[in-house]
> 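What follows is a single structure, and I will ask about it in a moment.
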Amino acid sequence: MKILYTTRATATGGRSGRSQLDDGSLGFDLAMPGSGKAGANPEQLFAIGYAACFDSALALTAQRMKKTIRGSRTSAEVGMGQNSAGGYALDIDLYVEVHGLPEAEARELVDTTHRVCPYSNALHGNVDVRLHVSVA
């Protein structure tokens, strides 16, 4: 695989510490969900990244498929729970709104994008990802 981009982040203190990009451009204080402490959690950060990546991949995929869309909006809902082996796993719903296509074409575009997006590819076969498509 030809690597197109690499970034690095470092965490200290785990879920109750701090995570930041090594170049200093972005950082977050972290807090356990329900702790009352101010801060984000890893699932929130993952949701932000997945939503942005998928929405960008959607535009690229539409262009490749020669589909004209007037815009899109992607929301990622990321849950975390205990799996049957006693470990933890993610559970994800992607809500994708496509502007300018009929529903069947929008569904085809989203399904194809799910095979293009690097986040989706990283999760394939490991995490349940449900796609919800709407049109506007």
Side-chain angles (χ1 to χ4, degrees):
M1 175 172 70
K2 179 182 175 186
I3 303 299
L4 301 174
Y5 174 74
T6 301
T7 189
R8 182 178 170 133
T10 300
T12 55
R15 289 179 164 272
S16 297
R18 180 159 178 84
S19 289
Q20 66 185 43
L21 295 175
D22 286 7
D23 68 6
S25 64
L26 183 65
F28 293 94
D29 290 328
L30 301 178
M32 294 285 287
S35 70
K37 179 183 169 197
N41 65 60
E43 292 74 33
Q44 291 171 317
L45 301 177
F46 190 89
I48 288 171
Y50 197 177
C53 188
F54 196 92
D55 207 58
S56 182
L58 185 79
L60 173 67
T61 304
Q63 183 181 24
R64 288 180 178 174
M65 293 175 69
K66 298 185 182 351
K67 304 251 184 222
T68 301
I69 62 173
R70 293 191 316 267
S72 61
R73 177 182 171 144
T74 301
S75 298
E77 186 173 289
V78 176
M80 193 253 314
Q82 197 163 18
N83 62 25
S84 60
Y88 294 91
L90 297 177
D91 181 79
I92 299 173
D93 284 277
L94 284 181
Y95 296 88
V96 185
E97 183 179 291
V98 180
H99 301 222
L101 290 180
E103 189 171 343
E105 288 184 44
R107 164 76 50 197
E108 178 188 18
L109 173 61
V110 169
D111 288 343
T112 302
T113 301
H114 194 46
R115 293 188 297 273
V116 171
C117 175
Y119 275 67
S120 292
N121 284 325
L123 300 173
H124 184 76
N126 299 308
V127 176
D128 288 333
V129 178
R130 289 167 300 281
L131 303 173
H132 307 273
V133 181
S134 62
V135 295

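Everything numeric in this text was worked out from a predicted model, so none of it was measured. Below, each value reflects all heavy atoms present in this structure, side chains not excepted, and no hydrogens, waters or symmetry copies.
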> Evaluate the side-chain proximity of Val133 to Asp111: yes if any heavy-atom separation is below 4.5 Å, no if none is.
no
> Give, for atom CD of Glu77 and atom CG of Asp91, the distance between the pair rounded to the nearest 0.5 Å.
8.5 Å
> What residues, two or more places apart in sequence or in another chain, satisfy side-chain hydrogen bond (donor to acceptor under 3.5 Å, both in side chains) together with Gln63?
none
> Nearest 0.5 Å, please: how far is CZ in Arg115 from CG in Asn121?
10.0 Å
> Main chain of Gly86, side chain of Gln82: is a donor-acceptor contact present, judged purely on distance under 3.5 Å?
yes
> Tell me whether the count of non-hydrogen atoms from other residues, nucleotides or ligands lying under 6.0 Å of CZ in Arg130 goes above 12.
yes
> Not counting sequence neighbours, list each pair that qualifies as a ring pair (Phe, Tyr, Trp, His ring centres under 6.0 Å) and has a residue in residues 82-123.
Phe46-Tyr119, Tyr50-Tyr119, Tyr95-His132
> Can Val129 be reached from Leu45 by stepping across I, L, V, M, F, W or Y side chains whose heavy atoms are under 4.5 Å apart?
no
> Rounded to the nearest 0.5 Å, how far does CD1 of Ile69 lie from CG of Leu58?
4.5 Å
> How many angstroms lie between atom CG of Asp55 and atom CZ of Arg73, to the nearest 0.5 angstrom?
10.0 Å
> So, taking the atom named CG in Leu131 and the one named OG1 in Thr74, what distance separates them when rounded to the nearest 0.5 Å?
10.0 Å
> So if you build clusters from Ile, Leu, Val, Met, Phe, Trp, Tyr with side-chain heavy-atom gaps below 4.5 Å, do Val96 and Leu123 land together?
yes
> Treating Thr113 as the side-chain partner and Leu109 as the backbone partner, does any N or O pair qualify as donor plus acceptor under 3.5 Å?
yes
> Using side-chain contact (heavy atoms from CB on, under 4.5 Å) as the criterion, list what pairs up with Arg15, not counting sequence neighbours.
Met32, Pro33, Asn41, Pro42, Glu43, Met80
> Less than 4.5 Å apart, side chain to side chain, heavy atoms only: is that true for Thr112 and Arg64?
no
> Counting distance only, does the side-chain N/O of Lys37 pair as donor-acceptor with the main-chain N or O of Ser16 below 3.5 Å?
yes
> Hydrophobic cluster membership, with links at side-chain heavy-atom distances under 4.5 Å among I/L/V/M/F/W/Y: are Val98 and Val116 in one?
no
